Amino acid sequence: MNAKIERKWQKIWQENRIFEPLPGGKKFFITVPYPYSNGPLHIGHGRTYTYGDVIARFMRMKGYNVLFPMAFHVTGTPILTVSDSIRQGNMETVELYREYISMYENDKNRVEEILKSFEDPEKIALFFAEKIQRDFESLGYSIDWRKKFHTAEKYYNRFVEWQYEKLFKMKYLKKGDYPITYSPADGNPVGEDDIKDGDTDKVTIIEFVAIKYRFEEGFIVAATLRPETTFGVVNIWVNPEAKYYKIKDNGEIYFVSRESYEKLIYQRENVSKLDEYDGKYFVNKTARNLLTGEDIPVLPAGFVDPDNATGFVQSVPAHAPYDYAALRDINSDIRPKRIIDIDGYGEFPAEDLYNRFKIKNQYDPNLEEATKIIYRDEFYSGKMSEWIEYFGGMRVSEAKEKIKKYLIENGMAFLFYETSRKAVTRSGNKVIVAIIKGQWFLDYSNTEWKRKTHYLIDKMGFYPEIYRTIFHEVNDWLKERPCVRRRGLGTEFPFEKGWIIESLSDSTIYPAFYTIIDRIRERNIPDEKLDEKFFDYVFLNEGPVPFEEAKYIREGFTGWYPNDLRVSSNAHVSNHFIFYLFHHTAIFPEKYYPGSLMILGMLIREGAKMSKSKGNVIPLAQIAEKYSADLFRLYIISSSDFDKLLDWKEEEIKSLRGKLEKFAELLEESIKCREDHERGYMENYLINSFYMRYMNALDFMNRFKFRDAVIEIFYNFMNDIKYYEKRENPEKRACILKFILEDWLKIVAPIIPHTAEEYWNRLGKNSFISLERLDEMKEYDRNLILSIQYIENLIEDIKNIMNVSKIVPDKIYIYLADERKRELLKILKEDKNRAFREAKGKDEISILKQALAQQYSSIEDLDEEDSIRNNYEYLRRMFSAEIVINPPDDPGNKRRYALPGKPSIFIIKK
RNA sequence: GCAGGGGUAUCCGAGCCUGGCCAAAGGAGCGGGACUUAAGAUCCCGUGUUGCAGGACUUCGAGGGUUCAAAUCCCUCCCCCUGCACCA
C-alpha cells in the first residue's frame, strides 16, 4: 500500500470524524501514556502506540464504543534544559535540534527560525507535540484528537492541583529531608541528564556513617561504610598532604578535609569554618574512640582521599585490607583487633586477603577487589565476636544497622552522603550530594494505601499475567518519593510556592482528564472555575453542582471511566504504572479503578539498544514514507509477541514487504474476478480452512495475542492458498477467494487498516471497514481439513519409503486399520489399562505398545477410505502409480501394521 | 545484594503454564535449482547424524530425579540480561 493511498484514508477517516465517539453503549476506554514532547519519537514508542491502536480498532470492530485519546507530556526539566542550552548556544544541542527540526522542515531558513524560537521552552513542547501528532496520524492511529492537551496548560494545572488537595487531605503527602545530587556552582539539583556520562555511568548516592573521635577541643570525623567495625579501630588515617579544616557545626567542633567541609555546607545547617591545618598536623596525635573509650593514634596514609567523605578514615586492619596494607607500609607494630568471626578465614581476614592477592602496598589496585570480597563475606556470613557487649554473636548484616543506629542516637556519629563516583556536570562543575530541606514526598509507604493498592492489583487484569506478581513486589518495595522539584515546567505545588510538581507525580490519574477536557473547552469554561468544588463534583459526585455546565462535563467522565486498558512498555512498571495504580486507589471509588494493564517488551535494533550516542535511533517521522504505515504495523505486530523483546531487522522487513505485496495482489485479482466458479472439493477445502483459521485468529485476538493471529490468518492461510494452487488451476484461485474476501479484509483490518479500507472500498462497499462488525462465529467442516492433513501425511510416508528404498512405484497398496483396531485404540485413549486387558494375543498387545510409544492419536470420525477416494487422482498423479486400497493380497505382509489414521503401505516395484 | 526475566540447532527466536506426531514453528544465513545477459529481487527444494520400507540414534546451559514418556514437571549447580528511584 503506498503512502498516497494511506494518506487518502487517513484524511477520509478524519473528515468523517469516525474516531470521535460520544459516550454510550458498550464502552471501551483505552489509553497509552502520553509521550514526553522534547523531540521526535522513535520506533520504540511506535510499538506501544501501534499496539494501542490495533486493540482500539479490534475492540471497535467487536462492537465496542471505543475511546482512544492522546495528549502530550511537557512537565519537568529536560525541555527547560534544552531551551537553556540553545539560548547559551551549546553547539551539541543546537546541532541535535537542528537535525530534529529538519526531519519535518526542508526550508533551511525556516529551520533556523524554529530553532531560534526554542529559546522559549513552550515552543519546543508545542512544536514537537504537533509533529508527533502528525507522525501518529501518518501511521493510521484511530486517536480521538479532540481530547488532546499538554501538561503545562492551565486546565491541566487546575486538575493536578485538585489531586494534590485530595492527597494532602488524606495525609499521603509529607515533608522531610532528602539527599540529592547537586551542583553548588549551578545552585541546582542535577539529574542523570545533567551529569557528564550520567546515562552510561550512573551516579548514585552512598550513605557513609561519619564517626566522631574526641580530639583536642572537638572531634576528628572519620567516615565509614562499615560502622560495625568501629569496635575494631586501632588508629585513624589522615592524608599528610591534604588540607584540613576545623569547622563548627551547630556548636560542635569538627576536623574534616577541606573538600568535606564544602560538602557539609550543603548537608548540614549552620556549618562554618574556623581554622585551617595541614594533614601533617594530626600525625601521631591521639584521638579517643567514643564507642570503646580507647585512645588511638592518628597515622599518615596516602591512600586517604580528602575528596571522599570526610578525609579521615578509621583503621580496622583486621577486616580492611587497605588498613592492613597501610600499617605494613609504615612498619607499624600496632596489632589488628579482630571483631568479626567468620569461617574460612584465619585470625585476621584482611591479612589472609593481603597474602592471597599478594598485595604490594596501600596503592595496589588489587585492594579494591580484596575489599569487595571481604565486605561481602563478612556481611553475609560473619558474626560479631562474642566478647563485644550487646552486639556480640549478632550477624554482621544485622549488627551493621543496629550499631549505626546506636552511634547516631548517642551523638557519636551522623550520616554523610557521598556520590558513588567522582562526577561533574556537562559543563564541568563538581557534583556533590546536598540535602534538600523540607522536601515534599508522596508517602507510598503508608500501609493503608499499600493495602488498597494490593487489593486493586489482585482484582484487575494483566497482560501478561506474570505482572500481577511483579506489581505486588513493586508495591511492597515502594517507599516515600519526592514529588516536587525546584525547577521545570508543570504545575506549581499548591501548598508551597517555588516548587513544581515533578513529572511522574503529575501524570497519575490523568486518563480521567481525557473524559472531560473536550467538554470544558467546548463550553469555554474559564480555568478559575475549575476549583476543588468543581472537580469534587465532576469526579466524585461530592457537593452541589458548582455551575450548570458541570453536569454536562461530569457526563463525559461517568460515560467513559474507568480506563479499561492501559498499554505501555515494561520500562514503566516501577514508576508510572505503579503510581497510576496508587493514585487511583487514593482518589477514586472502586468502580473507577483501572480495568487492566498491558505491558509490552522493549524494542532494539539489529541486536543493539537504540541510543542517541550510538546514532542508531530510527525516528517515527519517516516510517510511513519509507515503509508504509501498514507494513510497519504488520511488522510490529507479527515479528514478536507483545511482551517479548522485539529486534528490528531491516532484512526481515524487506521480506515482509514482499508478503504484504503478495497479499495485495491476491486481493486485487480477486476483486477483478467476475465469473462464478463451481465449488469442488479443493475449493471447499480452501474456504473451510480459511474459516478454521479465522476462528483461531479471533480466539487469539480476544486474548490480545495479535502475533499468533497474524501468523494464522496471514501466513498460514497464504500457505493454504499455495497448497491449493499446487493442486488446482491457479487461475481459479482468485475467484474462490471472493467467497471469503470480506471476512479476510475484516479480520486483518485492525492491523493493516489502510489496505483493508482500500480494498473494502474497491469491493464497492459504502461503509468504513474500520467501523464494520467482525463476525464472532463462523462454521467450518473440520473433517475436510483433517482429511487433507491425512492425505499429506500419507504422501509423506510414501515419499519416505521411496527415498529410503529407492523404489519407483508401479502400484501402491494402502491397508487401512480394521474395525477391531479402531475400537481397541479408542479404548486405549480412554483407559490404558482396560485396553491392555481387552487386547487378545501378542499381536494386539504389540499394536497397543506401538501406538503408545508413537503417541499415536487417532483421527476420530474421519472416513479414511473416503478421504483417499476424494484425493485419488491427486495421489495417482503425484506418484504416477496405481493406488489400491485394501487389496486382497498382502505380498509385503504389511496389513497388520495399519493403525487408524496411519495406514500401512506397500510399494510394488515397476 | 534485592526483585524480575532468561540460557533451544550456524545465528535470531517460538515451544515450557496444560509432558506425548517435537528433530523441535518462523525468520536470517548457508547449499542447490528456476527466472535473468548478469548482479539483485522473487519463487521452489534442502539444511543434526544415519538407514536400500515409512525407522534408528544424538540433541533444547550442566548434573540428578519423577514418568511408560521430559525442551516441557521437581531438585542442585553454572552462566547471562534488566530494574533498584527522581530520570522522563
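None of these values were measured; they are calculated from a predicted model. Numbered from 1 within each chain, the chains take letters A, B, ... in sequence-line order.
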Colleague: Under 4.0 angstrom, heavy atoms only, what part of the nucleic acid is A:Tyr178 near: base, sugar-phosphate, or nothing?
Modeller: base

Colleague: Given atom CD of A:Glu796 and atom P of B:C22, what is their separation to the nearest angstrom?
Modeller: 12 Å

Colleague: Quick check against the 3.5 Å criterion: does A:Arg468 have a side-chain atom that pairs as donor or acceptor with the backbone of A:Ile457?
Modeller: yes

Colleague: Say we look at B:U18 and B:G7: how far apart would their C1' atoms be, to the nearest angstrom?
Modeller: 23 Å

Colleague: Can you check the distance between B:C16 and B:C87, where both ends of the measurement are the P atom (answer in whole Å)?
Modeller: 42 Å

Colleague: If you measure from the P atom in B:C22 to the same atom in B:G32, how many Å do you get, rounded?
Modeller: 31 Å

Colleague: Applying a 3.5 Å limit to both distances, which nucleotide forms a Watson-Crick or G-U wobble pair with B:G51?
Modeller: none

Colleague: Using a heavy-atom cut-off of 4.0 Å across all strands, would you classify A:His73 as base, sugar-phosphate, or nothing?
Modeller: sugar-phosphate

Colleague: Under a 3.5 Å limit for both distances, which nucleotide forms a Watson-Crick or G-U wobble pair with B:G46, could you say?
Modeller: B:C30

Colleague: Using the side-chain heavy atoms of A:Tyr36, tell me which of these nucleotides is nearest: B:C21, B:A53, B:A88.
Modeller: B:A88

Colleague: Atom CD1 of A:Ile578 and atom C1' of B:A3: how far apart are they, to the nearest Å?
Modeller: 13 Å

Colleague: Would you mind reading off the distance between A:Ile599 atom CD1 and B:G4 atom P, rounded to a whole angstrom?
Modeller: 15 Å

Colleague: Which one, B:A53, B:A88, B:A85, comes nearest to the side chain of A:Asn575?
Modeller: B:A88

Colleague: Tell me the interatomic distance from A:Asp810, atom CG, to B:A53, atom C1', rounded to whole angstroms.
Modeller: 17 Å

Colleague: For the rings on A:Phe706 and A:Phe642, is their centre-to-centre separation under 6.0 Å?
Modeller: no

Colleague: In Watson-Crick or G-U wobble terms, both distances under 3.5 Å, what is the partner of B:U37?
Modeller: none

Colleague: Taking everything shown except A:Arg487 itself, do over 12 heavy atoms lie less than 6.0 Å from its CZ?
Modeller: yes

Colleague: Paired with B:U59: which nucleotide, if any, by Watson-Crick or G-U wobble criteria at under 3.5 Å for both distances?
Modeller: none

Colleague: Could you check which of B:C21, B:G4, B:A53 has an atom nearest any side-chain atom of A:Glu473?
Modeller: B:G4

Colleague: P atom, B:G1 versus B:A9: distance in rounded Å?
Modeller: 28 Å

Colleague: In whole angstrom, give me the gap between the P atoms of B:G83 and B:C30.
Modeller: 34 Å

Colleague: From the options B:C44, B:C87, B:A53, select the nucleotide whose nearest atom is closest to the side chain of A:Thr181.
Modeller: B:C87

Colleague: Is there a side-chain contact between A:His583 and A:Tyr172 in this structure, where contact means two heavy atoms from C-beta onward sitting under 4.5 Å apart?
Modeller: no

Colleague: Can you find a donor-acceptor pair, distance only, under 3.5 Å between A:Asn800 side chain and B:G54 base?
Modeller: no

Colleague: Just call it for A:Lys479: base, sugar-phosphate, or nothing, with non-hydrogen atoms closer than 4.0 Å on any strand.
Modeller: base

Colleague: Distance check needed: B:U42 P versus A:Lys662 NZ, whole Å only.
Modeller: 13 Å

Colleague: Between A:Lys450 (side chain) and A:Tyr444 (backbone), is there a donor-acceptor pair under 3.5 Å?
Modeller: yes

Colleague: Only pairs with both distances under 3.5 Å count, Watson-Crick or wobble alike; so what is the partner of B:G4 in this structure?
Modeller: B:C81

Colleague: My understanding is that a pair needs two contacts under 3.5 Å, Watson-Crick or G-U wobble. By that rule, which nucleotide pairs with B:U72?
Modeller: none

Colleague: Is A:Ser639 touching bases, backbone alone, or none of the nucleic acid, heavy atoms closer than 4.0 Å?
Modeller: nothing

Colleague: Heavy-atom nearest nucleotide on RNA chain B for A:Ile908 versus A:Arg485: which residue maps closer to 5'?
Modeller: A:Ile908

Colleague: To the side chain of A:Lys644, which of B:C21, B:G15, B:A53 is closest?
Modeller: B:G15

Colleague: Who is the Watson-Crick or G-U wobble partner of B:C22, with both distances under 3.5 Å?
Modeller: none

Colleague: Considering only B:A88, B:G15, B:G83, which nucleotide approaches the side chain of A:Ser574 most closely?
Modeller: B:G83

Colleague: Atom CZ of A:Phe579 and atom C1' of B:A85: how far apart are they, to the nearest Å?
Modeller: 8 Å

Colleague: Please measure how far the P atom in B:C77 lies from the corresponding atom in B:C2, and state the result in whole Å.
Modeller: 13 Å

Colleague: Taking atom NZ of A:Lys400 as the centre, does the number of heavy atoms from other residues, nucleotides or ligands within less than 6.0 Å exceed 12?
Modeller: yes

Colleague: Write down the distance between CZ (A:Arg487) and P (B:A88), rounded to a whole number of angstrom.
Modeller: 9 Å

Colleague: Are the charged groups of A:Arg703 and A:Asp699 less than 4.0 angstrom apart, N to O?
Modeller: yes

Colleague: How close or far is atom P of B:A88 from atom NE2 of A:His45, stated in whole angstroms?
Modeller: 14 Å

Colleague: Using the closest heavy atom to pick a nucleotide of RNA chain B for each, name whichever of A:Leu478 or A:Ala571 lands nearer the 5' end.
Modeller: A:Leu478

Colleague: Provide the distance between the two P atoms, one in B:U50 and one in B:U42, to the nearest whole Å.
Modeller: 32 Å

Colleague: Using the C1' atom as the reference point in each nucleotide, state the distance between B:G29 and B:U82 in Å, no decimals.
Modeller: 29 Å

Colleague: Any stacking of A:Trp477 on B:A85, going by centres under 5.5 angstrom and planes within less than 30 degrees?
Modeller: yes

Colleague: Any chance the side chains of A:Glu792 and A:Tyr723 put a donor and an acceptor closer than 3.5 Å?
Modeller: yes

Colleague: State the pairing partner of B:C17; accept Watson-Crick or G-U wobble contacts with both distances under 3.5 Å, and report none otherwise.
Modeller: none

Colleague: Sequence neighbours left out, what passes salt bridge (charged side-chain N to carboxylate O under 4.0 Å, His left out) with A:Asp443? Give chain and number order.
Modeller: A:Lys174

Colleague: How does each nucleotide of nucleotides 23-29 of chain B score, in 5' to 3' order, for protein heavy atoms under 4.0 Å: base (B), sugar-phosphate only (S), or none (-)?
Modeller: --B-SS-

Colleague: Before we go on, tell me: are the rings of A:Tyr627 and A:Tyr635 under 6.0 Å apart, centre to centre?
Modeller: no

Colleague: With a non-hydrogen cut-off below 4.0 angstrom, is A:Pro179 in contact with a base, only sugar-phosphate, or nothing?
Modeller: nothing

Colleague: Would you mind classifying the nucleic acid contact of A:Ile470 as base, sugar-phosphate or nothing, using non-hydrogen atoms under 4.0 angstrom?
Modeller: sugar-phosphate

Colleague: Closer than 3.5 angstrom, by distance alone: can the side chain of A:Thr151 be matched with the main-chain N or O of A:Thr75 as a donor-acceptor pair?
Modeller: yes

Colleague: Among the candidates B:G4, B:G54, B:A88, find the nucleotide nearest to the side-chain atoms of A:Lys894.
Modeller: B:G54

